[in-house]
Each structure stands twice: as structure tokens, then as C-alpha cells.
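Working notes for the structure below.
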Amino acid sequence: MKKSVVVLLVLGLMFGALLGGAEAKKKKKKKPRKPARVERVVEFNYTTASPGVSGVVGLCLAAAGVEDSGCTDVATSTKEAYVMVEITDASGQPVNFDLAQDTDTSTPYYDIFASGCGKTDAAIPITPGLPLRISTTAAGGPDCPGVATTGSVKAVLSNFP
């Protein structure tokens with residue numbers, strides 16, 4: 001009788017240990033997922049570049065109703081915080097471009113916050129939710145001698161750099 005009780009106790013302990021281990025595995029917390037990078041690509045073609053001096057001042061011909069100009073306003077979502085830009089001009093040369101947003105609503109102008117030549121080297125922070133103006137500049141400068149003719153603009157908006 002003592003042997004039977006001991007054997008039953010041992011079997012009960014073994015069975016309980018097996019079930020307890022299975023329950024412990026089930027209760028492990030999952031690691032939280034890292035937020036995924038979300039991208040949106042915006043492309044447009046231009047047949048006329050924007051007049052102006054890159055990085056200083058420019059005229060967005062699209063705002064004046066000129067179609068296929070080298071300037072467009074891109075709506076951004078509140079989750080889009082970065083942009084990368086690449087300009088492909090028919091001349092084969094890299095051309096000047098400006099990025100601007102209306103961050104100061106007390107003025108009627110968009111504020112230029114970045115300029116480049118041909119493409120961005122890295123993602124540039126933008127103000128989420130505000131329209132993003134992308135303008136090619138007709139004339140080149142000392143750091144970007146290309147003259148914009150006709151071509152295409154590709155912008156990649158994302159939530160992470």
C-alpha cells in the first residue's frame with residue numbers, strides 16, 4: 001500500500017510538472033512588433049522648369065495654372081515624416097530642386113527648407129500633414145550646373161528615414 005501511494009504521488013508530480021511546463025510556454029509574452037516602414041511614391045513629369053534661384057526664391061508655375069511645370073504640391077499624411085527626391089532630366093545632367101512647405105501661416109509663401117542637385121543623398125524630414133512643394137529650378141548654379149529641360153520627378157514619402 002505504501003508503495004502504491006508513493007508511486008501515485010511520483011506519477012502525479014511528474015504529470016503536474018509536464019502540464020506546468022506546457023502552461024508556462026503558453027504564457028510567454030510575445031515581443032512587440034517593430035513599426036514597419038511605410039512608403040508612398042509620387043511621380044510627375046515636367047516640360048517647363050520653375051523660374052527662380054535655387055534655395056532662395058522661386059515661382060511655382062503649377063500654382064499659376066501651368067500644367068506639366070517643374071513644380072507641384074504633394075499632399076502628405078500625418079504619418080509621412082520624410083522624403084527622398086530624384087530628378088531625371090532629359091539633358092542627362094543633374095538639375096537643381098527645392099523642397100518647401102507652408103510652415104509659417106502668417107505669410108503667403110512656402111518656406112524652402114532643403115535644396116539639392118539631381119537627388120537627395122538621404123531622407124529629409126518634412127512637416128507631416130502639410131503639402132510638400134517640389135520644384136525643379138530652370139537654371140543651374142556653381143554646385144549644380146545642369147539646366148532643367150524636360151524630365152520626371154520621383155518622390156518617396158515615408159514614416160521613417
Side-chain angles (χ1 to χ4, degrees), residues 22-161:
E23 286 296 317
K25 287 181 184 177
K26 287 182 186 177
K27 291 183 181 178
K28 282 189 178 179
K29 291 184 180 179
K30 293 181 180 179
K31 290 183 180 178
R33 292 168 117 190
K34 290 184 180 178
R37 179 182 168 89
V38 178
E39 293 183 349
R40 179 171 64 103
V41 177
V42 176
E43 296 179 293
F44 67 94
N45 296 320
Y46 63 91
T47 56
T48 307
S50 298
V53 178
S54 185
V56 180
V57 67
L59 175 63
C60 183
L61 298 177
V66 177
E67 292 184 22
D68 295 332
S69 75
C71 174
T72 195
D73 291 340
V74 177
T76 65
S77 79
T78 56
K79 295 182 180 181
E80 293 171 329
Y82 296 90
V83 67
M84 292 185 71
V85 176
E86 184 174 0
I87 315 284
T88 305
D89 194 80
S91 68
Q93 298 294 314
V95 296
N96 284 303
F97 67 89
D98 293 326
L99 302 175
Q101 288 184 292
D102 187 12
T103 54
D104 182 2
T105 55
S106 66
T107 67
Y109 309 106
Y110 277 58
D111 303 306
I112 297 172
F113 62 87
S115 297
C117 182
K119 66 178 184 175
T120 54
D121 294 326
I124 296 174
I126 62 173
T127 303
L130 288 181
L132 171 67
R133 180 166 287 173
I134 304 171
S135 299
T136 59
T137 308
D143 297 332
C144 193
V147 176
T149 58
T150 62
S152 62
V153 176
K154 177 182 176 182
V156 179
L157 297 153
S158 63
N159 57 337
F160 291 120

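Just so you know, residue 1 is the first one in the sequence shown, and it goes up from there.
For residues 90-124, the disulfide (SG to SG under 2.5 Å) pairs, not counting sequence neighbours, are C117-C144.
Remark: the backbone N or O of G129 is paired with a side-chain donor or acceptor of T76 at under 3.5 angstrom. Side-chain atoms of T136 do not come within 3.5 Å of backbone N or O of A49 as any donor-acceptor pair.
The number of heavy atoms from other shown groups lying within 6.0 Å of CD (E43) is above 12.
Summarising the geometry of C71 relative to S50, their closest heavy-atom pair is CB-OG, 3.2 Å, with the distance given to 0.1 Å. Between A138 and V147, the shortest heavy-atom distance links the atoms O-CG1, 3.4 Å.
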Acceptor/donor pairs from residues 98-105 side chains to any protein atom, 3.5 angstrom cut, sequence neighbours excluded:
from : atom 1 : to   : atom 2 : distance (Å)
D98  : OD1    : S54  : OG     : 2.9
D98  : OD1    : G55  : N      : 2.8
D98  : OD1    : S115 : OG     : 2.6
D98  : OD2    : G55  : N      : 3.3
Q101 : OE1    : T127 : N      : 2.8
Q101 : NE2    : T127 : O      : 3.0
Q101 : NE2    : L130 : O      : 3.0
T103 : OG1    : D111 : OD2    : 2.8
D104 : OD1    : S106 : N      : 3.1
D104 : OD1    : S106 : OG     : 2.6
D104 : OD2    : S106 : OG     : 3.4

Report, one line per pair, each donor and acceptor closer than 3.5 Å where one atom sits in a side chain of residues 153-161; sequence neighbours left out.
from : atom 1 : to   : atom 2 : distance (Å)
S158 : OG     : R37  : NH2    : 3.4
S158 : OG     : F160 : O      : 2.6
N159 : OD1    : V38  : N      : 2.7
N159 : ND2    : A36  : O      : 3.0

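Residue I134 holds its CD1 atom at 7.0 Å from CD1 of I87, rounded to the nearest 0.5 Å. Summarising the geometry, atom CZ belonging to R133 is positioned 9.0 Å from atom OG1 belonging to T72; distances are rounded to the nearest 0.5 Å. In this structure, OG1 on T137 lies 5.0 Å from CG on N96, to the nearest 0.5 angstrom. Atom CZ of residue F97 and atom CD of residue E86 lie 9.5 Å apart, to the nearest 0.5 angstrom. Here the CD-CG distance, from E67 to N45, works out to 13.0 Å after rounding to the nearest 0.5 Å.
Inter-residue side-chain proximity for S69 and Y46 is flagged as unmet; no heavy-atom pair is nearer than 4.5 Å. With contacts defined as side-chain heavy-atom distances shorter than 4.5 Å, the pair R40/V74 qualifies.
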